[in-house]
Amino acid sequence: MKVLGIETSCDETGVALVEDGGHILSNVVASQVELHARYGGVVPEVASRQHLLTLLPLLRTGLEQAGYRPGGRPAGLGAVAVTFGPGLAGALLVGLNLAKALAWAWDLPLIGVNHLEAHIYAAWLDRPAREQPQFPLLALVVSGGHTEILFVPEHGQYRMVGRTRDDAAGEAFDKVARVLGLPFPGGPAVEQAARGVTPGPRLPRPWLRGSDDFSFSGLKTAVLRLAESADYDPRAMPGVAAAFQEAVVEVLAAKAAAVARRHRVRCLVMAGGVAANQRLRQAVTAAVPLPVICPPISLCTDNGAMVAAAGYFRLQRGERHGWDLDVVPTLRLV
Ligand code: KG4
Ligand code: ZN
């Protein structure tokens with residue numbers, strides 16, 4: 001069965017058609033990065049307006065790339081899935097209202113999807129069935145808004161193991177990038193600046209001993225102090241970027257490994273925008289004594305395919321939403 005997935009929770013507009021929760025027929029993403037870059041971060045009003053401008057043309061492209069011609073309900077389409085939270089209220093509304101209109105017009109089930117769950121389900125995409133994640137599993141979700149380790153016994157069931165007490169990992173990357181004079185979004189910029197560079201000086205590791213929680217705001221402040229100190233030489237920037245990345249990567253990998261040793265699970269799924277970081281992928285794969293499944297890099301950041309995959313598995317369990325579904329900007333998994 002085919003599911004249409006729509007994603008507009010932040011600054012990427014995404015539309016995708018996915019078959020049986022894993023096989024991508026089309027997956028088109030319009031990034032607003034350049035639009036927001038001059039402000040150094042996502043401007044919610046600008047994001048909503050841009051989703052509004054982009055979404056219908058993107059839908060047309062997504063349907064065409066999956067082999068459909070405009071007009072009428074696409075053959076074989078079984079549901080419309082859409083992110084309804086967490087995210088920016090105005091941005092979410094654009095996607096949700098299109099999803100409702102399409103589901104209504106085509107007489108299909110509407111499935112609201114949690115954006116974090118969608119990130120996890122990116123691990124099911126474009127992978128042979130025997131390589132898809134097996135339950136029970138652990139999920140490490142590292143994105144711009146969230147850093148969480150979850151125990152996932154079965155499809156759609158989540159238990160919180162640890163979460164950030166302050167900044168999300170991606171948020172720390174974005175803020176540190178700004179302090180170091182690197183462009184938005186900070187994650188890819190820091191990774192690029194740090195590539196092949198010797199890290200230095202050494203930065204503190206926020207271990208929070210005895211807890212599976214994370215904290216990244218102290219580390220961010222340490223970089224800020226360093227960059228503002230009188231004897232800071234901007235030519236040392238790549239080393240500082242590398243030192244910051246190493247500190248984040250080391251803490252995430254070591255904590256994920258410790259949690260993995262205490263749970264009887266089949267694998268660890270790492271998802272969310274920060275999971276695109278190559279150093280993090282290497283370090284977590286090396287440290288965690290379990291098969292580590294990361295989505296392909298292009299599917300780590302926001303897209304419609306992951307929404308369609310998550311929606312497919314909810315529909316399989318007979319779930320669907322009514323027309324009264326509203327956006328929930330602070331929606332949680334647990
Ligand atoms: O999942 P995502 O696209 O959106 C949210 O749900 O937040 O994640 C975006 C975040 C941003 O903070 C961005 O800087 C970070 O993911 N990110 C990265 C990399 N690519 C994106 N962080 C580190 N290394 C990367 N290569
Ligand atoms: Zn996301």
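Values below: every heavy atom of this structure, side chains too, minus hydrogens, waters and symmetry copies. One is the number of the first residue; the rest follow in order along the sequence. When a ligand or atom number is given, it counts from 1 through the structure's own listing order.
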Nearest-neighbour protein heavy atom for [atom], which is reported as residue plus atom name and distance:
atom	value
atom 15 (C) of ligand 1	Val274 CG2, 3.9 Å
atom 6 (O) of ligand 1	His115 NE2, 3.0 Å
atom 24 (N) of ligand 1	Asn277 ND2, 3.0 Å
atom 11 (C) of ligand 1	Asp174 OD2, 3.6 Å
atom 18 (C) of ligand 1	Gly187 CA, 3.4 Å
atom 21 (C) of ligand 1	Gly273 O, 3.4 Å
atom 2 (P) of ligand 1	Asp302 OD1, 3.4 Å

[X] near ligand 1 by a heavy-atom separation under 4.0 Å:
X	value
His119	yes
Gln278	no
Cys10	no

Would you kindly specify which portion of Thr301 sits under 4.0 Å from ligand 1, judged on non-hydrogen atoms: side chain, backbone, both or neither?
-> both
Indicate yes or no: does an N/O atom of Glu191 lie under 3.5 Å from an N/O atom of ligand 1?
-> yes
Counting both backbone and side chain atoms, is some N or O of Gly272 under 3.5 Å from an N or O of ligand 1?
->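 Gly272 vs ligand 1: no N/O contact under 3.5 Å.
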Is [Y] paired with [X] through a side-chain N to carboxylate O contact shorter than 4.0 Å?
X	Y	result
Arg314	Glu117	yes
Asp213	Lys255	no
Lys220	Asp167	yes
Glu191	Arg279	no
Lys175	Glu171	yes

Below 6.0 angstrom between ring centroids: does that apply to [X] and [Y]?
X	Y	value
Phe173	Phe244	yes
Phe135	Trp124	yes
Phe84	His115	no
His23	Tyr312	no
Tyr121	Phe313	yes

His36 and Val43: which non-hydrogen atoms are nearest, and at how many Å?
-> ND1-N, 3.1 Å
Just go through Gly144, Ala271, Ser31 and tell me whose heavy atom is the nearest to atom 10 (C) of ligand 1.
->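 It is Gly144 whose heavy atom sits nearest to atom 10 (C) of ligand 1.
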Would you mind running through ligand 1 and noting each atom that sits below 4.0 Å from a heavy atom of Gly170?
->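 Per the distance check, 12 (O).
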For Gly145, the ligand 1 atoms whose distance to one of its heavy atoms is below 4.0 Å | 7 (O)
min-distance N/O/S atom, Asp302 vs the Zn ion (ligand 2), resolves to OD1
Is the distance from the Zn ion (ligand 2) to some N, O or S atom of His119 under 2.8 Å?
->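 His119 does place an N, O or S atom closer than 2.8 Å to the Zn ion (ligand 2).
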